[in-house]
**Student:** 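There's a structure below that I have some questions on.
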Amino acid sequence: MGDYKPQEIEAKWQKRWAEHRVFETEADVEGRQPSDKTEEKKTQDPPFAKGAKGRPPEKKPKYYVLEMLPYPSGTMHMGHMRNYTIGDVVARVKRMRGFNVLHPMGWDAFGLPAENAAIKNHTHPRVWTNKNIGEFQRTLRRFGFSYDWRREISTCEPEYYRWNQWFFLRMLERGIAYKKKSRVNWCPKCCTVLANEQVVNGGFCWRHEDTRVEAREIEQWFLKTTAYSEQLLEDLKQLEGGWPDRVIAMQRNWIGKSTGAKVLFEVAADGAQPGIAVSQEKIEIFTTRIDTIYGASAIILAPNHPLVARLIAGTAGQAAAEKKLAELKTSSVKTEDIATAEKDGFFTGRYAVNPFNGEKVPIWVGNFVLLEYGTGAIMAVPAHDERDFEFASKFGLPIPVVVSKEKSLNTEGTEKEHRGHGDNKPAQPFTEYGYSVNSGAYSGLKSEDAIEKMASDAEAKGFGKKETIFRLRDWGISRQRYWGTPIPVIYCEKDGMVPVPDKDLPVLLPANPKLTGEGESPLATDPEFVNVKCPKCGGPARRESDTMDTFVDSSWYFYRYCDPHNDKQPFDPAKAGYWFPIDQYIGGITHAILHLLYSRFWCKVMRDLGLVRHSEPIARLFTQGMVQKGGVAMSKSRGNVVGAEEMAQKYGADTGRLYTLFAAPPEKDLEWSEESIDGAWRFLNRVYRVVDKHAGEVASRKERFNAEGTESAEFAEKRTQDQGAKSAPGAPTEKERELLRKAHQALKRVTQDFEGRWHFNSAIAQIMELVNAIYAAEPLEEGVRPAVQKEVLELVTLMLAPMTPHLAEELWEMLGHKDGLWTVEWPAINEELAKEDEVEIPVQVNGKLRGRVKVAAGATQDEVMQLAAADAGVAGHLNGKAIRKVIFVADKMLNLVVG
RNA sequence: GCCCGGGUGGCGGAAUGGCAGACGCUGAGGACUUAAAAUCCUCCGGGGAUUUUUCCUCAUGUGGGUUCGACUCCCACCCCGGGCACCA
């Protein structure tokens, strides 16, 4: 009898899995095996079991399961492990069920932390990154995750990032990549651009915490995600059911579709100050509530709206207005407290004409109007908008009411009412739909109808049109950093911007950059990198020194796994066509918006390039909960990290895996508890011991049992005599029936938990119950033969296999199997064995539990009724009263309604 | 403010309209042991009655509703977590 020694067992089986190449994908394209290594595989693979698992690879259904690739920083903690354990269980279950499974892993290896670490330690980002990759890889192997390591990718390698450049060039050709001026964070002390993460404490430089970050406008590269706004929104419908609702909601929110109308207001020529001819100026506003336009009491422009300067020029209050404008512009730098900032603004001194009724409305500038959204100008309708109401209240603008909750006969109010002055000023804005009032010909219409009619009329008369706008912005991909993909363009004095020809890819990062964290971007200061010849004319030219946002790397990496060593194209479309879409993607909720949105965008671009046929790369998404300690997520800065290596050393990988699966359902946050890990450890020991004992008994009693654990006829007869059983020697005893029933009931529920809801915690609970039952049925002499016990122990082993794979292999071997567990299929449920012979039925009187009766399974209502009536507890509550109604659910319950 | 989650014993959690608290942790008691560890067994929501046994009653954030029956479905509210937010 031995002890459970996870360190030995885990090393042993990891070695065997590698030798037998168990986790390597069997086919890449339908009907075709991977060209490499096919012959070796055939000779090394053990024969397949029967059923789906035994089919030739090209006949198996494919299954692509993927966990979000990690950024290799520091060491792996149990938060990482939880993510990969969930994915590994799924991968292993699918393999057992006969799927051709793709389960790869790689490294999101570019990024700022590597560069920062390099600056600090005077080393190269590659050194730091590769060291971390080495550690991460070792830890993943230590946990026995079933990755096909032949497909490992690292995004910082030229073999990978050259395809980022290739995609960029294709997008450039199609006008999807473009350059424009944009605001960046600038630290005046470092004299460099800061990433958003480097801006700390609400606007200060991370290295100079006394220095406020400034906004600077510089030329930057963008990808036109907005070209796909409508599709990105529309295709979310395809994801319903496969993605968590909240992620879909977050994406929808982020894209922010808003339907409304744009309306042109002419600036009045006879403004407050005559003499300045601005009458040709027009202000375009966007509104979702064109039906409220009769209630507009001002036009409000964003402080940085291009028209503002021209409007205030020459007015009486020009000097004061300019001063105020400068104030508004600087105070709008902070992004965090914009939402809570008080409304502020000023009157420009000019008026605009409402195209619907010819009324003059004052033109204001307001701090709450955003240039980036809509047209950067709004019409203020204080009676029907919260913000406008607040603004009008502060500055004394009229608040005319033009929408009424009820349809009133008197649709034209008094002049006083209309102006919204004095007693009739509403106390609150009414922002819902209702009926138009005080709105000329439109009065009396329902808001929905008024919106439709007024927008059409505006369009017909040429001063407006229906319009849909989006909140989604184009994706700024320029980074003034070293450790990223160089953007492949060249600026020639003669030819202007010239794309790097495909044949010159990859544009390699210079090997030995000067990294200081200060001054110009690192690539810009490297003369060898920057000074090049123009690919067109051969004249002197300068290379682009920006690198790409690392979100570019992670937007398409999962396609590369299909064909990781292709040096002709990013991937073979046939291979991607076979594997995609990803059947199951698993990762943290933190990436619910950007990573997934960019990935969806990239897929649509690739579709338009003809590389793929699908529009959505990910069919199903699962967002697992965080692993917390002390109520907060594990992080190095908080010092509450439980390292994965530490865990493996102390308890072994299987205990770590089991614990993270058992402690909480996978979508919920998990609070780390050292005591509960002991529970998982104890359980695995318990399983090991019972199998060990079983094996020992079979070996030590050869005279009674044969090698398969079957009892000799002589002993069987003796035993049945002892027990006084009437059944034949070979028939199962009552105890055996009970054990087999429990086993198959557990199998049924575990199968469901794996296939459907992923309630791994209750699956484990089922297995624990079964193991408890095995213990309760001990010792063997009292009615459970080794053959039966073996059958049950095999089921336990197979059910544990996806979760604690090393231990399961070991147990399988201890149970006398020569071939590895990886050759075995998921067991079939035996419904006949799972069936109960006898059930206990609760009996309710008026819905309250009053008694229980034992009946044979499938007993009829009458049979149950007879027994129930005889039950003392039930009878007491019936009290001779008439039974008005009987509700009977076979094998479930009986409810008697008395009155 | 809007949009998603969630609220069940001392703790993690089970139960998707049918016996609330499976399974595990902690705790208490017992067996084994010179002893400890490990292991095995028993008990463990509150109140009450009865005292070996059992029975009654309350209880799944709060208040209503639907139903023979509700942790589960519907309405309103409270609290916690997350996302978005002067988005016109």
Side-chain angles (χ1 to χ4, degrees), chain A residues 3 244-254 256-258 260 285-290 292 300 302 332 338-343 366-370 372-381 384-388 390-391 431 469-471 589-590 592-593 623 625-626 631 658-659 662-665 667-680 682-683 685-686 689 749 757 759 761-772 775-776 778 840-852 872-873 876 884-889 891-899:
Chain A
D3 287 331
D245 288 345
R246 64 174 168 158
V247 176
I248 293 177
M250 280 157 79
Q251 294 252 326
R252 187 168 283 139
N253 209 328
W254 190 260
K257 181 176 178 171
S258 188
I285 62 106
F286 175 79
T287 178
T288 54
R289 292 296 301 273
I290 195 172
T292 64
I300 309 179
S332 65
I338 273 178
T340 50
E342 206 193 328
K343 301 272 175 300
N367 64 343
F368 67 99
V369 180
L370 308 171
E372 309 82 56
Y373 187 76
T375 60
I378 63 160
M379 64 173 191
V381 186
H384 305 292
D385 182 276
E386 299 272 357
R387 293 149 306 169
D388 298 349
E390 206 185 306
F391 192 80
T431 58
I469 62 166
F470 293 89
R471 206 190 75 102
I589 188 74
T590 30
I593 299 178
T623 50
M626 280 183 304
L658 188 78
Y659 169 70
F662 182 58
E667 71 277 9
K668 283 183 81 169
D669 289 346
L670 183 160
E671 175 65 31
W672 194 256
S673 146
E674 206 68 33
E675 292 86 4
S676 300
I677 298 163
D678 285 336
R682 275 199 287 264
F683 170 66
N685 273 283
R686 221 165 125 80
R689 270 196 307 273
R749 285 205 45 192
R757 306 180 306 165
H759 281 199
N761 55 334
S762 54
I764 295 165
Q766 287 297 314
I767 302 170
M768 285 174 166
E769 278 190 69
L770 179 56
V771 171
N772 288 346
Y775 269 81
E778 286 277 293
E840 198 178 56
I841 293 186
V843 181
Q844 301 175 346
V845 178
N846 286 345
K848 279 197 195 297
L849 178 73
R850 297 302 178 188
R852 297 182 179 88
R884 285 217 327 257
K885 197 173 174 185
V886 179
I887 292 105
F888 176 72
V889 183
D891 294 346
K892 277 282 164 86
M893 53 79 64
L894 176 74
N895 187 11
L896 306 171
V897 187
V898 298

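Proteins get letters first, then strands, A, B, ... in listed order; numbering begins at 1 in each.
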**Student:** Report the residues that fulfil ring-ring contact (aromatic ring centres under 6.0 Å, His included) with Phe286(A), sequence neighbours left out, ordered by chain and then residue number.
**Tutor:**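 With neighbours one apart ignored, the set is empty.
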
**Student:** Using a heavy-atom cut-off of under 4.0 Å over every strand shown, decide if Arg686(A) touches base, sugar-phosphate, or nothing.
**Tutor:**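 Sugar-phosphate, no base atom in range.
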
**Student:** Side chains of Arg686(A) and Asn772(A): is there a donor and an acceptor less than 3.5 Å apart?
**Tutor:**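 Yes, because at least one side-chain N or O of Arg686(A) sits under 3.5 Å from a partner of the opposite role on Asn772(A).
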
**Student:** Is Lys343(A) positioned over the aromatic face of Phe391(A), cation under 6.0 angstrom from the ring centre and no more than 45 degrees off axis?
**Tutor:**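 Judged by the rule, Lys343(A) and Phe391(A) form no cation-pi pair.
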
**Student:** Got a sec, which residues hit side-chain contact (heavy atoms from CB on, under 4.5 Å) with Arg850(A), two or more places apart in sequence or on another chain?
**Tutor:**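 With neighbours one apart ignored, the set is Val845(A), Lys848(A), Val874(A), His877(A).
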
**Student:** Can you sort out the partners of Arg852(A) under side chain to side chain donor-acceptor pair (under 3.5 Å), two or more places apart, ordered by chain and number?
**Tutor:**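 If we apply the side chain to side chain donor-acceptor pair (under 3.5 Å) test to Arg852(A), skipping adjacent residues, there are no hits.
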
**Student:** Any side-chain N or O of Arg682(A) below 4.0 angstrom from OP1/OP2 of C25(B)?
**Tutor:**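 Answer is yes, contact under 4.0 Å.
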
**Student:** Would you please name every residue forming a side chain to side chain donor-acceptor pair (under 3.5 Å) with Asp245(A), sequence neighbours left out?
**Tutor:**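 Once residues adjacent in sequence are excluded, Asp245(A) has no partner under the side chain to side chain donor-acceptor pair (under 3.5 Å) criterion.
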
**Student:** When you compare the protein's N or O atoms with those of nucleotides 55-59 of chain B, which come within less than 3.5 Å of each other, and at what distance?
**Tutor:**
unit_1 : atom_1 : unit_2    : atom_2 : d
U57(B) : OP2    : Arg850(A) : NH1    : 3.0

**Student:** Just how far, in rounded Å, is C1' of C86(B) from NE2 of His384(A)?
**Tutor:**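 The answer, rounded to whole Å, is 19 Å.
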
**Student:** Figure out the CG/C1' separation between Asn367(A) and A88(B), and round it to whole Å.
**Tutor:**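 After rounding, the gap between these two atoms is 14 Å.
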
**Student:** For the pair made of CE in Met768(A) and P in C25(B), what is the distance, rounded to whole Å?
**Tutor:**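 It is 7 Å, rounded to the nearest whole Å.
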
**Student:** How many Å lie between CG on Asn895(A) and P on G17(B), as a whole number?
**Tutor:**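 Between P of G17(B) and CG of Asn895(A): 18 Å.
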
**Student:** How would you list, by chain and number, every residue that makes a salt bridge (Lys or Arg N to Asp or Glu O under 4.0 Å) with Lys668(A), sequence neighbours excluded?
**Tutor:**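 Salt bridge (Lys or Arg N to Asp or Glu O under 4.0 Å) list for Lys668(A), sorted by chain: empty.
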
**Student:** Answer whether the closest heavy-atom distance between the side chains of Ile589(A) and Arg246(A) falls below 4.5 Å.
**Tutor:**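 SC-SC contact between Ile589(A) and Arg246(A) confirmed.
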
**Student:** Sequence neighbours left out, what passes ring-ring contact (aromatic ring centres under 6.0 Å, His included) with Tyr659(A)? Give chain and number order.
**Tutor:**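 Tyr659(A): ring-ring contact (aromatic ring centres under 6.0 Å, His included) contacts with Trp672(A).
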
**Student:** Would you say C87(B) has OP1 or OP2 under 4.0 Å from some side-chain N or O of Arg387(A)?
**Tutor:**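 Yes, within the criterion.
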
**Student:** Suppose you measure atom P in A38(B) against the same atom in G46(B); what distance do you get, rounded to whole Å?
**Tutor:**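 Straight-line distance between the two P atoms is 27 Å.
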
**Student:** So do the side chains of Ile378(A) and Arg387(A) get within less than 4.5 Å of each other, counting heavy atoms only?
**Tutor:**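 No; the side chains remain at least 4.5 Å from each other.
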
**Student:** Say we look at U72(B) and G83(B): how far apart would their P atoms be, to the nearest angstrom?
**Tutor:**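 One P to the other, the span is 29 Å.
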
**Student:** Just jot down the salt bridge (Lys or Arg N to Asp or Glu O under 4.0 Å) partners of Glu674(A), sequence neighbours excluded, or say none.
**Tutor:**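 Only Lys650(A) meet the salt bridge (Lys or Arg N to Asp or Glu O under 4.0 Å) criterion with Glu674(A).
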
**Student:** Protein-nucleotides 9-12 of chain B N/O pairs closer than 3.5 Å?
**Tutor:**
unit_1 : atom_1 : unit_2    : atom_2 : d
G12(B) : O2'    : Ala663(A) : O      : 2.4

**Student:** What is the separation between atom CG on Asp245(A) and atom P on G83(B), rounded to the nearest whole Å?
**Tutor:**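 Distance check: Asp245(A) CG to G83(B) P gives 18 Å.
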
**Student:** If I take atom CZ in residue Phe368(A) and atom P in nucleotide A88(B), what distance separates them, rounded to the nearest angstrom?
**Tutor:**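 Roughly 13 Å, once rounded to whole Å.
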
**Student:** Return the set of residues passing side-chain contact (heavy atoms from CB on, under 4.5 Å) with Ala249(A) (not counting sequence neighbours), or none when no residue passes.
**Tutor:**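 Residues passing side-chain contact (heavy atoms from CB on, under 4.5 Å) with Ala249(A): none at all.
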
**Student:** Look at the side chain of Pro665(A) and decide which nucleotide, out of A14(B), A88(B), A85(B), has an atom nearest to it.
**Tutor:**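 For the Pro665(A) side chain, the nearest candidate turns out to be A14(B).
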
**Student:** Nearest of C68(B), C84(B), U39(B) to any side-chain atom of Arg689(A)?
**Tutor:**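 Out of C68(B), C84(B), U39(B), the nucleotide with an atom closest to Arg689(A)'s side chain is U39(B).
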
**Student:** Using the C1' atom in both, what is the distance from G7(B) to U60(B), to the nearest Å?
**Tutor:**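 It comes out at 9 Å once rounded to the nearest Å.
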
**Student:** For a quick check of understanding: with a heavy-atom distance under 4.0 Å over all strands, which category does Ser258(A) fall into, base, sugar-phosphate or nothing?
**Tutor:**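 Answer is sugar-phosphate: Ser258(A) comes under 4.0 Å of backbone atoms only.
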
**Student:** With syn defined as a glycosidic angle within 90° of 0 and anti as the rest, where does G9(B) land?
**Tutor:**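 You should classify G9(B) as syn.
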
**Student:** For RNA chain B, what is the dot-bracket line, given that a base pair needs Watson-Crick (N1 to N3, plus N6-O4 or O6-N4) or G-U wobble (N1-O2 and O6-N3) geometry with both distances under 3.5 Å, and | means paired with another strand?
**Tutor:** (((((((..(((.....[....))).(((((.......))))).(((((....)))))..(((((..]....))))))))))))....

**Student:** Take atom P in G27(B) and the same atom in C79(B), then report the distance between them in whole Å.
**Tutor:**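 G27(B) and C79(B) have their P atoms separated by 36 Å.
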
**Student:** Given that Ala680(A) and Val897(A) both sit by RNA chain B, which one's nearest nucleotide is further toward the 5' end?
**Tutor:**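 Its nearest nucleotide lies further toward 5', so the answer is Ala680(A).
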
**Student:** Measure from CD on Glu769(A) to C1' on G21(B) and round the result to the nearest Å.
**Tutor:**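 In whole Å, G21(B) C1' and Glu769(A) CD are 13 Å from each other.
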
**Student:** Output all residues satisfying ring-ring contact (aromatic ring centres under 6.0 Å, His included) with Trp254(A), sequence neighbours left out; order by chain, then residue number.
**Tutor:**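 Trp254(A): no ring-ring contact (aromatic ring centres under 6.0 Å, His included) contacts found.
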
**Student:** Using the P atom on both, measure U26(B) against G63(B) and round to a whole Å.
**Tutor:**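 Between the two P atoms, the distance is 35 Å.
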
**Student:** At under 4.0 Å, does any side-chain N or O of Asn685(A) touch on OP1 or OP2 of A38(B)?
**Tutor:**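 Checking Asn685(A) against A38(B): no side-chain N or O falls below 4.0 Å of OP1 or OP2.
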
**Student:** The side chain of Glu840(A) lies closest to which of these nucleotides: A15(B), C19(B), C84(B)?
**Tutor:**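 Looking only at heavy atoms from C-beta outward on Glu840(A), the closest nucleotide is C19(B).
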
**Student:** Ignoring backbone atoms, test whether Asn772(A) places a side-chain nitrogen or oxygen under 4.0 Å from the OP1 or OP2 oxygen of G24(B).
**Tutor:**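 So the side chain of Asn772(A) is within the cut-off, an N or O lying under 4.0 Å from OP1 or OP2 of G24(B).
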
**Student:** To the nearest Å, give me how far apart CD (Glu386(A)) and P (A85(B)) are.
**Tutor:**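 So the CD-P distance, Glu386(A) to A85(B), works out to 18 Å.
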
